[in-house]
Amino acid sequence: QPKILIAAASDLKFALDSVAATFKKTHPGTVDITYGSSGKLFEQISNSAPFDIFFSADITYPQQLKQKKLTLSEIYIYGKGRIVLWSKKIDPEKEGMNTLLSPSILKIAIANPQHAPYGKRAEEALAYYKLTERVKSKLVFGENISQTAQFVTTGAADAGIVALSLALSPNMKKENGTYFLIPEESHKPLEQGAVITKHALGNAYAKAFLDYMNGATANAILLHFGFTKP
Amino acid sequence: MLDLSPFYLTLKLATVTTAILFVISVPVAYGLAFARWRGKVIVESIVGLPLVLPPSVLGFYLLLALSPLNAFGHFLEKYFDLRLVFTFPGLVVASVIYSLPFMIQPIQNGFRSVPVALKEAAYTLGKSRFTTLTKVLLPNMKGALLTGCMLTFAHTIGEFGVVLMVGGNIPHETRVISVTIYDEVEAMNYHQANVYASILLVFSFLVLISVYLVNNRAFKVDPYHD
Amino acid sequence: MLDLSPFYLTLKLATVTTAILFVISVPVAYGLAFARWRGKVIVESIVGLPLVLPPSVLGFYLLLALSPLNAFGHFLEKYFDLRLVFTFPGLVVASVIYSLPFMIQPIQNGFRSVPVALKEAAYTLGKSRFTTLTKVLLPNMKGALLTGCMLTFAHTIGEFGVVLMVGGNIPHETRVISVTIYDEVEAMNYHQANVYASILLVFSFLVLISVYLVNNRAFKVDPYHD
Amino acid sequence: MHLKLTRIMIELAITRKLHGAGGAINLNLDVRIGTGDFVTVYGPSGAGKTSVLRMLAGLLTPNDGRIVCDRQIWFDKSKDINLRPQFRNLGMVFQEYSLFPNMTVQGNLEFALQKDQPKSRIDELLQLIELEQLRDKKPALLSGGQKQRVALARALVRQPNLLLLDEPLSALDTAMQIKLQDYILRVHRQYNLTTLMVSHDLNEVIKMSKRVLILEDGIIKKDGPPLEVLPLDNLKPFITGGLSR
Amino acid sequence: MHLKLTRIMIELAITRKLHGAGGAINLNLDVRIGTGDFVTVYGPSGAGKTSVLRMLAGLLTPNDGRIVCDRQIWFDKSKDINLRPQFRNLGMVFQEYSLFPNMTVQGNLEFALQKDQPKSRIDELLQLIELEQLRDKKPALLSGGQKQRVALARALVRQPNLLLLDEPLSALDTAMQIKLQDYILRVHRQYNLTTLMVSHDLNEVIKMSKRVLILEDGIIKKDGPPLEVLPLDNLKPFITGGLSR
Ligand SMILES: Nc1ncnc2c1ncn2[C@@H]1O[C@H](COP(=O)(O)OP(=O)(O)OP(=O)(O)O)[C@@H](O)[C@H]1O
Ligand SMILES: Nc1ncnc2c1ncn2[C@@H]1O[C@H](COP(=O)(O)OP(=O)(O)OP(=O)(O)O)[C@@H](O)[C@H]1O
Ligand code: MOO
Ligand SMILES: [Mg+2]
Ligand SMILES: [Mg+2]
């Protein structure tokens, strides 16, 4: 019975669960996935965590692993992430980014730009729209993109910049929010990279999974969750 | 360029939390230690529950409760113009709930370790329960009080999951030292993280040393027994 | 479909951690409570330090220390064939360090609250220090021992940051209940999270209630004083 | 002028079950004590003497009956009255001292001081018990007899109407005993204090009290003047036993 | 046959500073006690009696001097010897009982039992102190005198060579005192125990001991047979004082 353990960035939560489910139908075996912030997972893999594949929200982490010779494959860019402005309080579709200036938006959640890839992009987008200074006092920071989503879905923050993949997930849709897709030109691309790590040595199942990610089914699922092909 | 505000915020949070919890815990622990009503164990157990919830989960539920979209948070906002999420007062509320058992448990045990005879002696001298509490019971359980305050204070300093959730990591408002160090680690600024952590450790070490020095003096095994 | 393995792992972790810490803490607290050498406060303070480090930072440093890439972890792997990171034994080591002060501090205070006269009486009866410890001191500080064990046990159940960092959230190996609930919250599976949290709370509540019931019986204020 | 002898300070009619050395004891009392009387409770170890004082002080609850002091009901089972110890104006010397370990000798006495009392009262008492030089020491450092003296002084600070003394001088040498007995008698007379003392020292009982209650197995076996009710034959053979050896 | 009178059990030559009621006391002793002797230490409260016993037991460290017991050095400042209390084979009754609150009456006695001793020893002693019915009770439930009896019995369980009794009968009624005095004397003679007792009860001292050390302010003022060194005039006026009132 083949078996792999995957470490994946939290923005992949729903997409990768679906991919794994379909994968298992054609490739019987066990696929366990541990989600977390890309930085933490990178740290753990660097210190010999038993993960076979690493899906990062930011391509730089797999690149660093490769430099450290902790990988077994090339880096595979499985998609580009997008960010959205999400709110329960106001429909951001109407005014786009300027929604953030509304007096009824008291708190805006973004992921921590210091270490979360989605946070960095959010910050860039704010700068692009020259909002940085004007909303600075409204910002609150989630540890990763999931926590940021919790800030807005619970209503603790009035609006937030989260991953499109999360906004499209059934669980977040249930929350009755609306979102505005932030134009791509406002920030650097969110290149999502995956790599097989040293731990998978001799594990063909890991290779099979990554190959499957490249296939049509997986791509359709990824697209459904808003990950466009680069 | 070291930002000192996290240290300041942390110290403030730990001090305020410890003070509030002390004031809450002394009467509650007193009641729990001496009361004899049946339902007591239920209260005792509820008081212990915050301990078993993972901090970030506790934080999440607090976030829900305090969110202006929900009844309680809405009530606070509407009638008191108070929004607790992502504010320092909110952190205090969260820390108080989170650390409750660390203060109550040792103090309750302390109350029980004071000989009943002392309480009785104070009563026959006509002293009220309050005077007996402040002049006889508490001074004879200093060790327990100190244990409670120390565990609470240190625990609040190291507190992270709840604070991150309820506080939202806002610089100068809710970004305490634990969150700051964590951010630096995650950003792989290990040097900066080490600097912060070292300062925290050295500072805490100094605080602990002075507390223990004072405490040991207070506890000095009386010279009759050597 | 509820996965029960996190509960099992958590219970195992909390039990093993509490047991190990108890065995470590009794002698250490004994030494700290009664020893008179000068450097004592330094040890006391060091013992208290794990408290002030944010769990995830402590976890990070432990990860570094135990990683086979670094000296200590390498040494363990080479000579004992022991890898602690991302394994259950590693979680135990981390939890023991993390909860150390919660066990030592109350026990140390307990030792001090037993009247010296009892120790003296045992000695004049020719009893060794060990017999005096087990038959006289410990039985007369049950409350303190219980406080230590309860705080440690509950704290380990709720422990999260350290476990996540050192354990790495690996199913059936290091995915304890705190991490599981957190994962469900992160995935916005609030229903599932609530189910897990409720089971944890109800279970903990029952444990706490029974501990308190037994404890209250042990502590029953003697009927001469009513 | 009132008839001092007829005024009653304490009416005690109570029962309480105790675990005695010879099986269950049923402590069963029905006594009246006049204002300003000095009454001793005498009886073998475990007879229930301390328990009687504790019930008067409100520290032990009778199973049944009533206690009236100075026309105020302190305890009445049928009416469900049980005045808390704080409100029973009395002074008590505990058989096991119960000094406050956190306070100095002086602190223990000052704690008993009431607002309207002068501080000089403390100095007076410290001098009486000959512990002025140890006033700043904590009880843990005192000898047994020194502790007992502090316990006595502490009970005397308030000058209450009712004084309960549980073997107040048992740990003291003869000279100190005599001195403190004389002092107790002096304040007893001066302030017309009603005093209930437990003592097993025959000499002391004879010297101090007008009335003795002989308590045995929870029941008052005899009640009367010391020379009539005490087992005085215990006195002589004892001394001669030693002398003639 | 050996010359019993010349064998020395204890050699005590020590000094220790104490906080006395009249300023600092310098406890300064130089005494020898013969094997099988019954010696009483008599003196005012705070004179240092308990401190002497504590130093013998190894619970208080002398500032200087040496203690030799049965030819074994227990303490010698100059040689830096200080035998731990556990290894000084003695039995001690503490002035304040020091019973173990976690054990029952019987448990307290059994704790003192040594491996080779029969359990029946406990029953014997429980019977002697008349507490068989309370054997399963914890000390907190006992009366003062009952506690004192347990403390005495506990010290007697081991039948040590040296017995240190700190006011062992002060809380008991006369009848019980006489009974236990007789018992102590019996075991003392039977096992040739060396016994050092602190007591302030003149009758008791006269009855029990062959030799009395009068301790005042830390110094032995007199040393001799009870009838020669005790202040016997305290006895008579005391009783008559009461009787003639
Ligand atoms: N709350 C209680 N319930 C039942 N029995 C008790 C309680 N308290 C004490 N006793 C028992 O009652 C008896 C009388 O105790 P008490 O302390 O009144 O005796 P006493 O006359 O003062 O004796 P002593 O002279 O030895 O001090 C003892 O056998 C004691 O064990
Ligand atoms: N460790 C100590 N250091 C200094 N002084 C002490 C110490 N322990 C006791 N003292 C003091 O020494 C004196 C003698 O105490 P001790 O207990 O030996 O008296 P005692 O003769 O047994 O009196 P009593 O008959 O009242 O029990 C007291 O004044 C006491 O306060
Ligand atoms: O997906 Mo991230 O690494 O939590 O921003
Ligand atoms: Mg009594
Ligand atoms: Mg003494």
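Order of the sequence lines sets the chain letters (A, B, ...), proteins ahead of strands, with each chain counted from 1. Note that the structure is a prediction, hence the values are computed from the model and not measured.
If you tally non-hydrogen atom pairs under 4.5 Å between each of D:Arg135, D:Glu132, D:Lys147 and chain E, the highest count goes to D:Lys147. Per-residue heavy-atom pair counts under 4.5 Å with chain D were compared for E:Ala47, E:Gly43, E:Gly144, and the maximum is reached by E:Gly144.
Partners of D:Pro62 under the side-chain contact (heavy atoms from CB on, under 4.5 Å) rule, at least two apart in sequence or in another chain, are D:Ile14, D:Met55, D:Ile67, D:Phe75. Partners of D:Tyr191 by side-chain hydrogen bond (donor to acceptor under 3.5 Å, both in side chains), not counting sequence neighbours, listed by chain and number: D:Gln159. With sequence neighbours left out, the side-chain hydrogen bond (donor to acceptor under 3.5 Å, both in side chains) criterion links D:Asp64 to no other residue.
Here the options are E:Leu202, E:Asp201, E:Ile178, the test is side-chain contact (heavy atoms from CB on, under 4.5 Å), and the partner is E:Lys207; only E:Ile178 passes.
Between the OG atom in D:Ser45 and the CD1 atom in E:Ile129 there is a gap of 10.0 Å [rounded to 0.5 Å].
Using a 4.5 Å cut-off between heavy atoms, D:Lys49 does not touch chain E at all.
Annotation for D:Lys221: atom NZ counts as buried by contact number, over 12 foreign heavy atoms lying within 6.0 Å.
Contacts from residues 93-105 of chain D to chain E, taken as heavy-atom pairs separated by less than 4.5 Å, involve D:Gln95, D:Glu96, D:Tyr97 in sequence order.
For the pair D:Gly48 and D:Leu18, the tightest heavy-atom approach, listed with the atom from each and the gap, is CA-CD1, 4.3 Å.
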